[in-house]
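Input: a single structure, listed below in C-alpha cells.
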Amino acid sequence: VARKDDLPFIKCQVCEKLASQVYSLVQKKEAQISPKKISEYQIIEIVENVCNLKKEEAEWILKIDIVEHADKLELVDQDVEGHCNSECKTIERACQEVLGYSDTDVAEYIYSRRPQLDSLVNYFCNDLSKACTNKLPPVPKDRIPGEPFEPKAAKEAEMEKIMRSMEGLPGAPGMKMYSRDELMGMQNLGGKEPDEDDEDEDEDEDVKFRSNVGKAMREKANKEVDWKEKVKNQIKDTEKAIKTQAHKIKRQAHKVRRHLQKWWRSKRNVGSKKKSTTKKAEL
C-alpha cells in the first residue's frame, strides 16, 4: 500500500525522473521505427503507461529506493529491480498524481516542440504540474522508516519482464493462465533437472528459457478453437478503436478547457481594469 504521507516529499523528484523516462522512451521508440516519424498517439501511449506498474514502460519505478537523509527523502537509483512493496507503490502513486490528466498535454508538447530534456522537465514539473514549485517542509522526525530495498532474483525479474512486455498483446493469450511458479518451471521443459550445486547462469540457459516459454504459450494457444481467437481479435480491434476515439475526445476536452481558462482570465483582467478606472474617476 502506498504511504500517502510520503507523497509531498517525493513528488518533485518523481516528476523529474518521470520526465526523463518519457524523454528516453520516446527517443527509443523513434529509433525503433526509423525512418518513420513517431506519432502523437504513440507518444500518448508511452505517457499513459509510464506510471502503471503492469506496463513495461514503468519498469523504472522498480529500480528506485526511497532513502531518508537528514530531514529529506531521496530517490536513489538501483542497478537491479526490487520487490514492489510500499515504497514502490508510493512512487507509482506519486507518479500518477503528478501526471494527473496531463498525459495529452505532455504528449502534445513533445510532439510539437521536440524539446530537450531540461526544457521538458521545466515544462512538466514547473509550468504544468507545479510539482517542483513549492519549498518542502522537513520530513517529520517520527516518520517510520520504509522497508529496505530487496533485489529480485535474476530469473524472477526476467520472467516478470516478459509478462509485462506481453501485457495486452493479441499474440499472447495464455500468459494469465499460468502462475508465476508454473512460468518459472518452464525453464526445465524438455530437459533434465538443474544441478543444485551449479549456480552459474549462461546465455544458453536464457535462450532456452525464452524458447520454452514461447513453446508452452504456443501449445496452450493451439488448443483454443478458432472462433474464440476471432472473438478475441474483434474485441481487441474494438478496444483499440474505442481507445483512439477516447484520446481524441480527451484532447478536444483539454483544448476546450484551455480556451475557457483563457477566456475567463481575459474577462477577469477586463473587470479588474474597469474597477481601477472607476476608482480613478471617483478620485
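Please read all numbers here as calculations on a predicted model, not as lab measurements.
- Taken from CZ in R93 to CZ in R3, the straight-line distance is 14.0 Å, to the nearest 0.5 Å.
- When every heavy atom of L136 is checked against every heavy atom of P8, the shortest pair comes out as CD2-O, 3.1 Å.
- Between C132 and C15, the SG-SG separation does not fall below 2.5 Å.
- K17 NZ to Q21 CD: the interatomic distance, rounded to the nearest 0.5 Å, is 10.0 Å.
- For N85, the CG atom sits in a packed shell: over 12 heavy atoms of surrounding residues, nucleotides or ligands are nearer than 6.0 Å.
- Between K152 and E81 there is a salt bridge, since at least one side-chain N of the basic residue sits less than 4.0 Å from a carboxylate O of the acidic one.
- Taken to the nearest 0.5 Å, the CG atom of N52 stands 11.5 Å off from the CG atom of L99.
- Between the side chain of S102 and the main chain of D105, no donor-acceptor pair closer than 3.5 Å is present.
- In terms of modelled atom types and a separation under 3.5 Å, the side chain of E57 and the main chain of N49 share no donor-acceptor contact.
- Counting only heavy atoms from C-beta outward, the side chains of K55 and E48 never approach each other to under 4.5 Å.
- Side-chain atoms of E160 never come within 3.5 Å of backbone atoms of A157 as a donor-acceptor pair (strictly under, hydrogens ignored).
- With sequence neighbours left out, the side-chain hydrogen bond (donor to acceptor under 3.5 Å, both in side chains) criterion links S20 to no other residue.
- V106 and Y109 end up in the same hydrophobic cluster when Ile, Leu, Val, Met, Phe, Trp and Tyr side chains are linked at under 4.5 Å.
- A single hydrophobic cluster is seen to contain both L117 and L25, as judged by linkage of ILVMFWY side chains at heavy-atom distances under 4.5 Å, directly or through other members.
- Looking at E74, its side chain never comes within 3.5 Å of a backbone N or O of H69 through a donor-acceptor pair.
- E40 CD to E45 CD: the interatomic distance, rounded to the nearest 0.5 Å, is 12.5 Å.
- Judged by distance alone, with hydrogens and angles left aside, the side-chain atoms of E97 form no donor-acceptor pair with the main-chain N or O of K11 at under 3.5 Å.
- The hydrophobic cluster containing V80 does not contain V67, counting ILVMFWY residues as joined when their side-chain heavy atoms lie under 4.5 angstrom apart, directly or transitively.
- L128 and L7 fall into different hydrophobic clusters, where Ile, Leu, Val, Met, Phe, Trp and Tyr side chains are chained together by heavy-atom contacts under 4.5 Å.
- T104 is not listed as a side-chain neighbour of E108, based on a closest heavy-atom distance of 4.5 Å or more.
- Electrostatic pairing of K161 and E56 does not count as a salt bridge here, judged by no charged N lying under 4.0 Å from a carboxylate O.
- One finds a salt bridge joining D6 and R143 here, because a Lys/Arg side-chain nitrogen approaches an Asp/Glu carboxylate oxygen to under 4.0 Å.
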When the side chains of residues 27-38 are checked against the rest of the protein, which donor-acceptor pairs come out under 3.5 Å, sequence neighbours left out?
unit_1, atom_1, unit_2, atom_2, d
Q27, NE2, Y23, OH, 3.3
E30, OE2, R114, NH1, 2.7

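- Distance check: I91 CD1 to L53 CG gives 9.0 Å after rounding to the nearest 0.5 Å.
- Residues C88 and F149 fail the side-chain proximity criterion, which asks for heavy atoms closer than 4.5 Å.
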Taking only distance into account, with no hydrogens and no angle test, what donor-acceptor pairs under 3.5 Å do side-chain atoms of residues 118-125 form with protein atoms, sequence neighbours excluded?
unit_1, atom_1, unit_2, atom_2, d
N122, OD1, N126, ND2, 2.9

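- Side chains of S86 and V1 form no contact here, defined as non-hydrogen atoms less than 4.5 Å apart.
- At least one donor-acceptor pair under 3.5 Å links the side chain of W60 to the backbone N or O of V50.
- Using modelled atom types, one side-chain atom of T133 and one backbone atom of K130 make a donor-acceptor pair closer than 3.5 Å.
- Using modelled atom types, one side-chain atom of Q13 and one backbone atom of L75 make a donor-acceptor pair closer than 3.5 Å.
- If you chain together hydrophobic residues whose side chains sit under 4.5 Å apart, M159 and L62 never meet in one group.
- Between the E68 side chain and the L73 main chain, no donor and acceptor come within less than 3.5 Å of each other.
- Annotation: the span from I61 atom CD1 to K63 atom NZ amounts to 12.5 Å, rounded to 0.5 Å.
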